[in-house]
There are 2 protein chains.
Amino acid sequence: MKTRPVGEAPHYLRIKENIIALIAEGKLRPGDRVYSESELVSAFGVSRMTANRALRELMFEGVLTRSAGLGTFVSSQRQDVDLLQIRNIAEEISGRGHTHTARLVVAERIAADAGVAQSLDIAAGIEVMRTLIVHLEDDQPIQMEERYVNPVVAPDYLANDFTRITPNEYLSQVAPITAFEHFVEAIRPDATIRRLLGVKPDQPCLRVFRRTWSGEAVVTCALLSYPGDKYRLEARSRDIPAKPARLPQESMP
Amino acid sequence: MKTRPVGEAPHYLRIKENIIALIAEGKLRPGDRVYSESELVSAFGVSRMTANRALRELMFEGVLTRSAGLGTFVSSQRQDVDLLQIRNIAEEISGRGHTHTARLVVAERIAADAGVAQSLDIAAGIEVMRTLIVHLEDDQPIQMEERYVNPVVAPDYLANDFTRITPNEYLSQVAPITAFEHFVEAIRPDATIRRLLGVKPDQPCLRVFRRTWSGEAVVTCALLSYPGDKYRLEARSRDIPAKPARLPQESMP
DNA sequence: CGGTCATGCCTGTATATACAGGTCGTGGCC
DNA sequence: GGCCACGACCTGTATATACAGGCATGACCG
């Protein structure tokens, strides 16, 4: 079969769908060995490169695990691993058609205490840079960003005008993000958050602790605090069929 | 160049690294056109299939955007798109070496109100299944799960013993998850949460609203509530260099 | 009996080639 | 001047082929 009839799905896609269907039907279970490339060549009448592409892409998507000499297997953690996206604050605000402004509260160099040193993966006592910035959406405070920056990676960090460029934008120019880590908590606002975000003591706040890496080095860590009544994190996979979402009304018993 | 000297990186990886480096150095900016496959063939002395693979994989990774007839371009949202993983509750608890138990509070069929109907993408008034389950970690309530299930996708949902299998596990067996959506909020606990999770009125809680799709259909939506003092969401990219993380101590001005 | 090596299976990488189809500029025709 | 056909260029898909290298099994030899 040299070419493919017009209107049909590409061969490699048909193979992928076939394997995914077998997994969905339970005929292939986590840990099971799936067809080898040569078996797919016989079964589908395609070339090995096409079978290779189907299996390789399913590996990238986390569905399969491959090992040279052994074979191709169904991944075990499949159903518990979700892929998410999170937008950054400035783009999110401008995406809503609102105006983003930032207020620089603190910009300083300080010696890293034990916690910051561990987070940045450097020795305690090394001088790091710290900024405290309040992000506003149409003049309403929406995020307090307390950030520590590794001076080895971004020595000129403090030279920026943070009312014009967000730390995130600058740092990802200096050092491309290759990995990151997030912790999300619901907290009571402390005095600083209450003052800078203008929230009441009984207003729950979201706090995100984020570390980002560039290669082997930790570039920065940040504590991002949001007023709980004005902000929620959104995270979705690619390929959501259609239609926007809406939070349901409270409907507790 | 037919083959590659032993010990060197594969050609397609060298091309990928080269392009990523150019982006990191700022020589290629979001929206810029990158080399076409034929240009890479000339520049690197590889075949077009190898160049194609390098560009295609960078597209899968979200670095590049490709369009037949037009060319290949640097993605614009690159720095704002993060890939995350989130574990599910039962695995998370057993991963900590603790015991997971579940208490079924409510299991019923009810007519979908407007909010639920929109969330499940069905007509209002259709009978859906609803469960309310409390998940406990070593007998401490850690999550309240209020879930609505699309009867078209999983008609036998209520037949399960939810003290033995989590809704998540069952549903992903019935219908493989192909897409999902999360909203994370910090909220004050309402009466139900306070009663079932045993939290005080001034204790902020995390609430996650999650919808999952299987193909075109919404399988289920769930409101997951966590006590803020006992729980945080963790989300990290693949390929974090090493070393576990630790939340830093509070260090506000 | 046990260690070593050969063999076969499988994946990883790479090339050369071919055709299909989208996009856009250019030049000719009306 | 405006419209349309054509060609240049680009990506998408697919094939046949080749060699390198990981892994397990089993045969052979000490």
Side-chain angles (χ1 to χ4, degrees), chain A residues 1-20 22 28 31-76 238-239, chain B residues 1-20 22-23 28 31-76 239:
Chain A
M1 187 187 301
K2 288 273 182 183
T3 57
R4 149 177 62 99
V6 183
E8 270 189 31
H11 294 155
Y12 80 97
L13 273 186
R14 281 186 21 237
I15 297 176
K16 286 175 70 175
E17 286 163 5
N18 197 285
I19 292 174
I20 287 175
L22 287 174
L28 283 175
D32 283 1
R33 187 161 177 287
V34 304
Y35 315 112
S36 72
E37 296 181 357
S38 356
E39 287 169 334
L40 291 174
V41 167
S42 313
F44 286 86
V46 298
S47 79
R48 192 169 81 90
M49 281 311 294
T50 303
N52 176 280
R53 175 172 177 180
L55 295 180
R56 183 152 37 82
E57 290 192 3
L58 285 173
M59 182 189 64
F60 271 106
E61 292 164 21
V63 179
L64 301 178
T65 303
R66 312 194 74 193
S67 167
L70 260 178
T72 304
F73 304 87
V74 179
S75 295
S76 48
R238 302 183 172 101
D239 308 324
Chain B
M1 186 187 300
K2 286 273 181 183
T3 58
R4 148 178 62 98
V6 183
E8 270 189 31
H11 294 154
Y12 80 97
L13 274 185
R14 283 189 15 238
I15 297 176
K16 286 176 70 175
E17 286 162 6
N18 197 286
I19 292 174
I20 287 175
L22 286 174
I23 294 173
L28 283 175
D32 283 1
R33 188 161 178 287
V34 305
Y35 315 112
S36 72
E37 296 180 357
S38 358
E39 286 169 335
L40 291 174
V41 167
S42 313
F44 286 86
V46 297
S47 79
R48 191 168 82 90
M49 280 310 295
T50 303
N52 176 280
R53 176 171 178 181
L55 294 180
R56 182 153 38 83
E57 290 193 3
L58 286 173
M59 181 188 65
F60 270 106
E61 292 164 22
V63 179
L64 301 179
T65 303
R66 314 194 73 192
S67 168
L70 261 178
T72 304
F73 304 87
V74 179
S75 294
S76 48
D239 308 325

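Within every chain, numbering begins at 1; the chains are lettered A, B, ... in the order of the sequence lines, protein sequences first and strands thereafter.
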Problem - Shortest non-hydrogen contact from B:Glu37 toward B:Ala51 - result: O-CB, 3.8 Å

Expressed as a whole number of angstroms, how long is the span from [X]:[atom1] to [N]:[atom2]?
| X | N | atom1 | atom2 | answer |
| --- | --- | --- | --- | --- |
| B:Met49 | D:dA14 | CE | P | 10 Å |
| A:Leu64 | C:dC10 | CG | C1' | 15 Å |
| B:Glu39 | D:dC10 | CD | C1' | 10 Å |
| B:Leu40 | C:dA16 | CG | P | 15 Å |
| A:Leu70 | C:dT11 | CG | P | 10 Å |
| B:Arg33 | D:dC9 | CZ | P | 12 Å |
| B:Arg53 | C:dG12 | CZ | P | 8 Å |
| A:Glu37 | C:dT13 | CD | P | 11 Å |

Practice task
Please determine if a side-chain N or O atom of B:Ser67 lies less than 4.0 Å away from the OP1 or OP2 oxygen of C:dT23.
Solution key: no

Problem - OP1 or OP2 of C:dT15 under 4.0 Å from side-chain N/O of B:Thr50 - result: yes

Handout entry: Side chain to side chain, A:Leu58 and A:Ile20, heavy atoms closer than 4.5 Å
Key = yes

Problem - Any A:Ile19 side-chain heavy atom under 4.5 Å of A:Leu55 side chain - result: yes

Exercise for the section: Could you tell me whether the side chains of A:Arg56 and A:Asn52 share a donor-acceptor contact shorter than 3.5 Å? Expected result: yes

Fill in the blank from the handout: Exactly one of A:Glu17, A:Glu57, A:Arg53 clears side-chain hydrogen bond (donor to acceptor under 3.5 Å, both in side chains) with A:Tyr12, and that residue is A:Arg53

Handout entry: Check: D:dT13 base within 3.5 Å donor-acceptor of B:Arg48 side chain
Key = yes

Nearest of [options] to any side-chain atom of [X]?
| X | options | value |
| --- | --- | --- |
| A:Pro10 | C:dA16, C:dG21, D:dT13 | D:dT13 |
| A:Tyr12 | C:dT11, D:dT15, D:dA14 | D:dA14 |
| A:Arg66 | D:dT15, C:dT11, D:dT11 | C:dT11 |

Handout entry: DNA chain D: 5'-proximal contact among B:Tyr35 and A:Ser47 (nearest heavy atom)
Key = B:Tyr35

